Each structure stands twice: as structure tokens, then as C-alpha cells.
*Asks:* 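If you scroll down you'll find the structure; I have some questions about it.
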Amino acid sequence: MTAETNWDQTYDVVVLGFGGAGATAARFAADAGAQVLLVDSAPEGHEGGNTRYAGQVVGAGTDFDQLKAYYKAMTAPMHLDEDMIDTYVDGMVKMPDYFRKYLGVEPLSIAKDWDHSKVDLHGILHEFPDFPGVNAYDLLVVHERQFDSALWKKLRKEVLDRSDKITVWYSSPAKHLVQDSQTGAVLGAQIEHDHVLLNIKARGGVIMATGGFENNPAMIQDYLKASRLAPIGSLYNKGDGIKLGEEVGADMWHMANYESLGMLHGLTFAGPAGTRGRLILSWPKAADGSTFTVGDDGSRYFNEAEANKHGHIYYHGTWQVPIANDHPHLIFDQAQWDAIHADKLPVDNFDDITIKAATLEDLAKLINAKPDVLVKARQDFDHFVEAGRDYAFDRPVATMRAFDDGPYYAVPLRQTVLNTQGGPRRNSRAEVLKPDGQAIKNLYSAGELGGINANQYQGGNNLAECLIWGKIAGENAAHGLTPTAATKTAAHTDANSGASEKQSDQQTDATSGASEHDSSKSETTDYHVGPNQYIGVSDAGMGNEIVVRVTYAAGKLENVEVLKQSESADVD
Ligand SMILES: Cc1cc2nc3c(=O)[nH]c(=O)nc-3n(C[C@H](O)[C@H](O)[C@H](O)COP(=O)(O)OP(=O)(O)OC[C@H]3O[C@@H](n4cnc5c(N)ncnc54)[C@H](O)[C@@H]3O)c2cc1C
């Protein structure tokens, strides 16, 4: 904030990021009476962040004390503020009621209601079965499916249903926070909207919900010690919230924590930088037969047959995400190649990305590994099969077959990044904290940006956190504001003000959301049809609305044209 700062528009609450946490925060701020601006850097149809790509399972529980014991065991040996843990655990125990009351659905319990004979989810339901309190943990879904954006679509709808209170801007990244230079209070945010940098005043507060830094190569290098990782969620999460927080003096926490998901210890097939990694939840052939995985030098580095816990594998008493290799490879022989090709290939371009050589020495050279190290890895592997025990990593020998005389193959792999947890430290009121533990006035956060989860991770924890702290952030930012009249003012400049306006009766000029975002909803009459043509509109996919024009005559389907869609082409 400088003497020259002019406000372009004023809202009660400004929410940065339209993913699960931001949608929740905006909705609860609106329900508390606030006029809300919700912005996302992604274009319309690609909002939703990681929440849209998630498995849609939400952490819940049946008993506070047991769930707390489970959560503490997962965090151990790290320390976490008791108040934070209690808020989180309490929120999870109350999650079934949250679903009923705020999402309007009867939750389906993975522990009690899910048909595990069709899809066995026991592994993800209790990822740490030996930890105390584990049996109190449950996962909730809105219906009996996964990975279909069902929860996300509900959260999004709650926002769109409040178009009188919530304005949504797409393709509008938050660039900076506006801070009172005297008090340090956050007064608003700078948003780039329609190529114009607007100063948006937030009377009650700004809520940061910009997700993680999965697509920020520098942060991945600095905080996660990896040269590169393959994102499997949104491509728009670039760690902006971390920069925004740094600018206003926020303390950071959990920067080194992240999760992976996928075959082996959370790997996928390597693809070009900047693209989403293919999520391969399971491919048994990667760890059964004459095959093993090597790191950069050509040596094995883990038990390929061990089931990973969101990328965490056993490490001397705890489970940790291994430091990512720069260019790990799956290595196999001709017999394994034959076995792989007897089944459906895990990816269509499998043969294109497979590297072949007559000898392991030559293969090592082609994959930039050390020939002697790769040859020794194979010799040891064969020896373990003969000896009846994998003395290096204890992979069950029943899953190992000695290598044949070649040729030999290598497939480039990459470690995935499901989510990052680091970001500005928050407290149980969702306030963002300074290094001295004091809250930065009027700055809140929710979700994966500065998440509570540290060390080991149980599936469902992140979305639970979005719902729990999204609500707290939204209600706190709106709390104490004088209700505003919902008068629409396009863009107005209002007087500079350095002071927080909470508890003040002065301000009555909130801009109203009106329905800028309602453009997303199509009527069949919006589209031209010729003879024998029909329009179909559906929101059953993952990317909001899809509109098709079907040409059908004399019992014959002649053409189907997709007129509007925002699905991710790379997601099955
Ligand atoms: C494949 C996959 C499966 C998962 N499955 C589960 C699961 O089943 N259960 C679970 O608990 N967790 C799961 N997770 C993790 C969970 O999805 C995320 O941690 C959670 O969705 C994060 O929500 P969020 O609202 O904090 O961030 P996001 O949902 O990522 O939303 C952040 C939003 O901020 C926007 N943004 C970024 N920068 C800016 C900016 N400068 N200005 C404005 N907007 C910005 C982004 O475009 C994005 O829309 C999964 C993750 C992935 C990738």
C-alpha cells in the first residue's frame, strides 16, 4: 500500500484459488453475509486445481481420541501444535454431518458401505494399519465411485448457486497482496483480470487457497531436492501462494513434505517437462518377473514389490518418500518383454518409449547409467533368486525371475507429485502467521497451501483439510463485517484506506457478484441446429459442461460434433 494505491473494486472477502479449499471458503464467507470475489488463474473449465483430479475420498473418523492417536502417529516424530491437531481431528469426526448439512448428501463410508469385492480400497482406507487408532479412520465419498470429480462438482455448484454473493473470475491470477505498511494488515490483493492489474480491496480479508507448487521447477528443486517430478493433478498450481505469503512476511512450514501416487514407489513413465504424468495406480508387471527398477547410476534402490503409501516406503522405522532420482528406469529382459506384451500395455506408447540393447553394458550407456553398476545389479538380482532371498531389499523372491540372455530393455520413469504440503504457516483459526507466531491481520489460508499434514500421509487427509479450514477461513474473514448492500458497481475507485474495516459501520459499497460466471451454463437453444440435428448438454464429465451436436436420421447416427468441452485430453 502506498499513497498512490487506488482501489479498483471492493469486496468483503477475496478468495485466491477456485479449488476445493477456495470454493469452500468462498461459500462459507458468502453464507456469513459477505460479498465475495473468487479468482482463479486457470481458464474457465480448468479451475478446480488438484481437487478436480483427486480420488474424491475425504478423511473422517468415528472416535476423537483414537483418531487423534492415529494422526499423531502419522506425524511422529515431528511435533505439531495440539490446537491444530484437535481442530483437524474434530473436523474429521464431524465430517459425516458436514456432508449432510453442507453438501446435501448422505455420505458413503468406505469402511462400512463400499463394496470392496468390486474395487478393494482397504489399502487406502488404512494406510498405516499398525498405527494406534487406525480403525477409527474412515473415508467418505459422495457416491460409490472415485476419480470422477463428484465432490469437486458439488463444491463448485455451492459456489455457482450463490451468484448473488460470489463473483468468479477465471484466467485471473493473484499477483500480489496489498499490505498496510504501518500495521502489516492485508488490505486487498492485486489481480490480473482481462490483462489489467486491478487493486481489489478486501474489507474482511484475503483467503489464500492457491494450492501447492507441483508445477514450479525451482521450488521443487529448492524444497523437495528433486530435479523434476511429474505432476498428476492441476498444471496451474505454481506455488504462487508461497510467494504471496513471503511478500507479507509469513512464516513457512512443511516445505519438504509431498506425496506421490502410482506404481512402484509412486512412479510413472517419463514424459516431457510441463506435461501431466499419467497416473498408473497399479501395473503388477513392473514388480513381478525378470524386472527391477534402477536409479541414476544403474543400481536398485528399493523393494519393487512393496506397496507404497502415497509414495512413502519403509525407511528404518518410518515411511518416507524417497529422494527422487533424475532418470530412474525400469529394466527387464526378453522374457519380461514377452510377458508384458501378452497383456494390455500400461500406456499406448509403451513400445515407443522402450529402449533396447543387446547387452546390459550397452543399455546402461543408452540410459546414462554406469555399465558396471547395472551389470552388478543384475548379477545380484539373479543371485538373490538362486539364494531364495533378496538380501538387498527383501523383495519376495516369488516375484523375482533370473534374467535371460537378452536382449535387454529400459523404460524411463519419473517420480510423481500428487500434492505438496508446504506454504504459509496457519493456526486453527486459518490465520496466516508471522515467524513470531502472531497472525498477519486479515490474511487467511486453507487447503494444500501450507497444509497441516507432515511426515507420513493418509489418503483423504488433504480434502478433509480443504473442507475444514476452508469453512473456518471463510467464516473468519467474513466475521464482524457490517452486512453490505448487494449493489452492483462495475469498477469503482474508492478512497485509499489503510485501516482494517472490520467492526466498522462505514462501508456500504461492496460490489456484487452478479453472474459473470453463469456464462458456463448452456441452453440447448444457444446452439445452431440444422435438419436432423440435436443438441446434448451434460456435466457428467470431469471438466464442467460438455455440449455435443448429434446428426441422426433414418435410424442412423451420422455425426457427433463436440461444440464445447474442457476435459483434460491426457486423462483417461
Ligand atoms: C490425482 C490426485 C488424487 C488425489 N486424491 C485425493 C483424495 O482422494 N483425497 C484427498 O484428500 N486428497 C487427494 N489428493 C490431494 C488433494 O486433491 C489436494 O491436496 C487438494 O485438492 C488441494 O485443494 P486446494 O483447494 O488446496 O488446491 P487446488 O484444488 O489445487 O486448487 C488451487 C487452485 O488455485 C489456483 N491458483 C493457483 N495459483 C493462483 C493464483 N496466483 N491466483 C489465483 N488462483 C491460483 C489453481 O488454478 C487451482 O484451481 C489428490 C491429488 C491428486 C493430484
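As the structure is a computational prediction, the values presented were derived from the model and not from experiment. Whatever order the structure lists them in is the order used to number ligands and atoms, beginning at 1.
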*Asks:* Record the part of Lys175 in heavy-atom contact with ligand 1 below 4.0 Å; permitted values are side chain, backbone, both and neither.
*Replies:*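 Near ligand 1, Lys175 shows nothing, with every heavy atom at 4.0 Å or more.
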*Asks:* Between Ala174 and ligand 1, find which residue part has any heavy-atom pair under 4.0 Å and reply side chain, backbone, both or neither.
*Replies:*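 The part of Ala174 near ligand 1 is both the backbone and the side chain.
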*Asks:* Measure up the Phe28 and Tyr102 rings against each other and bin them: parallel (under 30°), tilted (30 to 60°), perpendicular (over 60°).
*Replies:*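 Perpendicular, since the angle between the ring planes exceeds 60°.
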*Asks:* Whether Arg426 and Glu431 form a salt bridge (side-chain N of Lys/Arg under 4.0 Å from carboxylate O of Asp/Glu) is what I want to check.
*Replies:* no
*Asks:* Before accepting this row, confirm whether a basic side-chain N of the pair Arg27/Glu475 lies closer than 4.0 Å to the acidic partner's carboxylate O.
*Replies:*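 Looking at Glu475 together with Arg27, the answer is no, because their closest N to O distance does not fall below 4.0 Å.
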*Asks:* Looking at atom 18 (C) of ligand 1, what's its closest protein heavy atom, distance included?
*Replies:*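 Heavy-atom neighbour on the protein nearest atom 18 (C) of ligand 1: Glu448 OE1, 3.0 Å.
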*Asks:* Examine the proximity of ligand 1 to Asp40 and report which part, side chain or backbone, both or neither, has a heavy atom under 4.0 Å away.
*Replies:* both
*Asks:* For the pair Lys68 and Asp86, find out whether any cationic side-chain nitrogen is under 4.0 Å from an anionic carboxylate oxygen.
*Replies:* yes
*Asks:* Under 4.0 Å, heavy-atom basis, I'd like to know which part of Tyr170 is in contact with ligand 1: side chain, backbone, both or neither.
*Replies:* neither
*Asks:* Measure Leu244 to ligand 1 on non-hydrogen atoms and call it side chain, backbone, both or neither using the 4.0 Å cut-off.
*Replies:* neither
*Asks:* Looking at Phe128, does the NZ or CZ of Lys309 lie under 6.0 angstrom from its six-membered ring centre and within 45 degrees of the ring axis?
*Replies:* yes
*Asks:* Taking distance alone, with N or O pairs closer than 3.5 Å, would you say Gly459 contacts ligand 1?
*Replies:* no
*Asks:* Can you pull out the closest protein heavy atom to atom 36 (N) of ligand 1? Residue, atom name and distance to 0.1 Å, please.
*Replies:* Ser41 OG, 3.4 Å
*Asks:* Around atom 46 (C) of ligand 1, find the nearest protein heavy atom and jot down its residue, atom name and distance.
*Replies:* Asn237 OD1, 3.2 Å
*Asks:* Just to confirm my output: which protein heavy-atom neighbour is closest to atom 31 (O) of ligand 1, and how far is it?
*Replies:*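 It is Gly19 CA, 3.4 Å.
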*Asks:* Between Ala209 and ligand 1, which residue portion shows a heavy-atom distance shorter than 4.0 Å: side chain, backbone, both, or neither?
*Replies:* backbone
*Asks:* Closer than 4.0 angstrom, basic N to acidic O: yes or no for Asp251 and Lys434?
*Replies:* no
*Asks:* Please write down residue, atom name and distance for the protein heavy atom closest to atom 21 (O) of ligand 1.
*Replies:* Thr51 OG1, 2.8 Å
*Asks:* Would you compute the distance between atom CG of Leu108 and atom CG of Leu139 and round it to the nearest 0.5 angstrom?
*Replies:* 11.0 Å
*Asks:* Hey, is ligand 1 close enough to Gly20 that some N/O pair sits below 3.5 Å?
*Replies:*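 Checking ligand 1 against Gly20, an N or O pair does fall under 3.5 Å apart.
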*Asks:* Flag the pair Arg156 and Glu47 as a salt bridge only when some basic side-chain nitrogen lies within less than 4.0 angstrom of an acidic carboxylate oxygen.
*Replies:* yes
